[in-house]
Amino acid sequence: MGGVDADQNGETSCSFLLQQLQKIWDEVGETDENRDKMLLQIDQECLDVYNRKVDQAVKSRAHLLQALADAKVEFSRLLSALGEKTYDGIPEKNLRSIKEQLAAIAPALEKLWKQKDERVKEFLDVQSQIEKISSEIAGSSEQVETPKVDESDLSLKKLDEFHAQLQDLQKEKSERLHKVLEFVSTIHDLCAVLGIDFFSTATEVHPSLSDSTGVQSKSISNDTLSSLARTVLALEEDKKQRLQKLQELATQLIDLWNLMDTTEEEQSLFDHVTCNKSASVDEVSIPGALALDLIEQAEVEVERLDQLKASRMKEIAFKKQAVLEEIFVCSHIEIDSKASQHKIMALIDSGNIEPADLLADMDNQIVKAKEEAESRKEILDKVEKWMAACEEESWLEDYNRDQNRYNASRGAHLNLKRAEKARILVSKIPALVDSLITKTRAWEQDRDTTFTYDGVPLLAMLDEYMMLRHDREEEKRRLRDQKKFHEQIKEQETPFGSTPIPSRPLGTKKVVGPRANGSGNRRLSLNSHQNGSRPSTTKDGRRDHSRTFAPVNYVAISKDEHIPSTP
């Protein structure tokens, strides 16, 4: 051991203490043997102290090395977990002491730990949202637990994967929520139209679907969507059935109104029913349009009108029969009114036919009657002209027999003008009759039936008229010949200077027209028809004129009559 003097601060060194010990031993007189033992003991004790210090230093170095190794492992683990391949500022092992290396790596570790904590929070947040949305989609009612974050992989790549998954789930949630809101809106509209409580209907599917619940809080699970779809289908089917029922009632109401001539004011009370008579299911959107109480009101009204219909059916049927008869009368078609009314009463009283069917049949008859009247119109117009011409012909014959027709009496010039017009009109009668015959035959061929005028075959009347007109012309010619013959005889028998004895005026009988004697009903009829007979026809469809048919207002000149000779 080397001696070391006390330093300036008065500190005692080992050498100084050893000197002090030597002095003490000298004074005491210790032997050398004891002195050696004591010095050896001191050396051993110093060695033990050094050994302990070395051991402590070794342990401290090992601890620091372990701490450095752990720090490096943690550093590498953090880098790996965070997905970082390199990190700037990593200390060089060969250039620094252990403590310097620890001091250098500590800030990096602190920074990585902080980054890790932030990354864990990000993972926790995104995973929590994923768990929450997944739970909403699954329809789980349990509390969502805090998700466990896998700290071995906190890389941005992994975080991006979670974000992508979250975006997909958010998109799916948005789509589901949109579907839910569409379903809810549809249910709301259907409930409004059907008059059903929307709140109870929606909450029956899921409590979160009421209007009081926020949009983001509404259930979007598969079960909820399926239940909403079933509810919409059920409501739409109910709407369809109710609309069908309402349209049936509307049709019945309109039919009953038409049957009983219901006023527009009374009909307007059920405009909310009849307005949807032809509407499609999608077109009915007015709130309460298909409510049960509205349908019940319509049913009650239909039942009331049904009961009222029975009492008014005869009255309505007779009105329609009157319309039908009016058409027949205007078209000169013969109809047995009493028999028709009796038949209507019998049908209604028997109950074997629905009143609506009876009236529909009568409406059909009216339509056919109008069509028949339209087809007869052209011929009837010509018949009217023929009748008017026959009247003028009758008047003209009376006028020609009037010996005073050229006297300057009052109105004589008017009669003269009428006679001129009458002659023109009478001259057209043959052509008019020929045209009538042609059109009537064409009409009968098209319809395979006889054209009658007030029950009398028109062709028979026209044929008879032409025959009578021909006979009249022949009779006139014969009378003219007789007159001429008698005049020649008288000229031969009368002596010169004697006055000829005047002969009696010729007594020809006129052929008067269909309106002779000023008949007001303007009917054309045949003598044979009045006697109960009909014109006969041959097998080939041609009329057999062996039996004559003359209008009652026609006077045929007997072939036995002749003009008496002068005495």
Side-chain angles (χ1 to χ4, degrees), residues 188-197 235-330 337 340-341 343-371 373-374:
H188 182 274
D189 295 341
L190 289 171
C191 288
V193 173
L194 298 174
I196 300 174
D197 181 39
L235 291 174
E236 287 179 342
E237 182 63 25
D238 191 13
K239 179 181 178 182
K240 181 179 179 181
Q241 293 178 357
R242 290 194 188 186
L243 178 59
Q244 183 178 359
K245 177 65 175 178
L246 192 71
Q247 289 177 338
E248 291 176 357
L249 292 171
T251 301
Q252 293 176 17
L253 282 174
I254 293 174
D255 291 341
L256 289 169
W257 289 338
N258 293 334
L259 286 177
M260 295 183 287
D261 296 329
T262 305
T263 63
E264 292 185 0
E265 183 179 358
E266 293 181 20
Q267 296 181 26
S268 64
L269 298 176
F270 289 87
D271 283 346
H272 54 289
V273 175
T274 56
C275 66
N276 293 319
K277 178 180 178 293
S278 302
S280 63
V281 175
D282 296 333
E283 291 174 343
V284 180
S285 58
I286 300 175
L290 300 177
L292 286 177
D293 57 346
L294 185 147
I295 295 176
E296 290 174 357
Q297 291 175 4
E299 288 177 339
V300 171
E301 180 65 11
V302 168
E303 184 178 355
R304 185 185 72 83
L305 292 176
D306 272 333
Q307 295 175 355
L308 183 62
K309 177 183 66 176
S311 61
R312 296 190 56 187
M313 190 50 54
K314 291 182 180 179
E315 174 187 349
I316 298 169
F318 289 153
K319 284 183 179 180
K320 292 187 179 293
Q321 181 64 22
V323 172
L324 186 62
E325 291 178 3
E326 179 65 21
I327 296 172
F328 285 151
V329 168
C330 293
S337 301
S340 299
Q341 292 181 1
K343 181 180 179 181
I344 291 172
M345 293 181 64
L347 285 173
I348 294 176
D349 293 338
S350 67
N352 294 330
I353 185 173
E354 284 291 330
D357 294 338
L358 172 62
L359 297 183
D361 181 66
M362 296 187 72
D363 288 335
N364 188 40
Q365 291 182 38
I366 290 174
V367 171
K368 290 181 178 179
K370 289 180 178 179
E371 293 175 353
E374 184 64 25

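Hydrogens, waters and symmetry mates are skipped; everything else that's a heavy atom, side chains included, is used.
Inter-residue side-chain proximity for Leu235 and Ile196 is flagged as met; some heavy-atom pair is nearer than 4.5 Å. Counting only heavy atoms from C-beta outward, the side chains of Lys245 and Arg242 never approach each other to under 4.5 Å. Contact annotation: the side chain of Asp306 approaches that of Val302 to within less than 4.5 Å [non-hydrogen atoms, C-beta and beyond]. Looking only at side-chain heavy atoms (C-beta outward), Gln241 and Glu237 come within less than 4.5 Å of each other. With a 4.5 Å cut-off on side-chain heavy atoms, Phe270 and Leu249 do not count as touching.
No donor-acceptor contact under 3.5 angstrom links the side chains of Gln267 and Asp271, judged on distance only. Looking at Gln297 and Glu301, their side chains never bring a donor and an acceptor atom within 3.5 Å of each other.
Closest approach of Ala291 to Gly195, counting heavy atoms only: CB-CA, 4.3 Å. Smallest separation of non-hydrogen atoms from Ala279 and Val284: CB-CG2, 4.0 Å.
Taking CD1 of Ile366 as the start and CZ of Phe328 as the end, the distance is 9.5 Å to the nearest 0.5 Å. The structure places CG of Leu246 at 12.0 Å from NZ of Lys239, a figure rounded to the nearest 0.5 Å. Between the CG atom of Asp363 and the CG atom of Asn258 there is a distance of 9.0 Å, given to the nearest 0.5 Å. Separation of atoms OG (Ser278) and CD (Glu283) is listed at 9.5 Å; rounding is to 0.5 Å. Atoms NZ and CD1, from Lys368 and Ile327 in turn, are 13.5 Å apart once rounded to the nearest 0.5 Å. Here the CG atom belonging to Asp361 is positioned 4.5 Å from the CD atom belonging to Gln365, to the nearest 0.5 angstrom.
Side chain of Asn364 to main chain of Ala360: no donor-acceptor pair is present (N/O by atom type, distance under 3.5 Å, no hydrogens or angles). Panel note: side chain Lys277, backbone Ile254; no donor-acceptor pair is recorded below 3.5 Å. Looking only at distances, no side-chain donor or acceptor of Glu266 sits under 3.5 Å from a matching main-chain atom of Thr263. Proximity of a side-chain donor or acceptor of Gln252 to a complementary backbone N or O of Glu303 within less than 3.5 Å is not detected.
A side-chain contact (heavy atoms from CB on, under 4.5 Å) with Leu243 is found for exactly one of Asp238, Val193, Val281, namely Val281.
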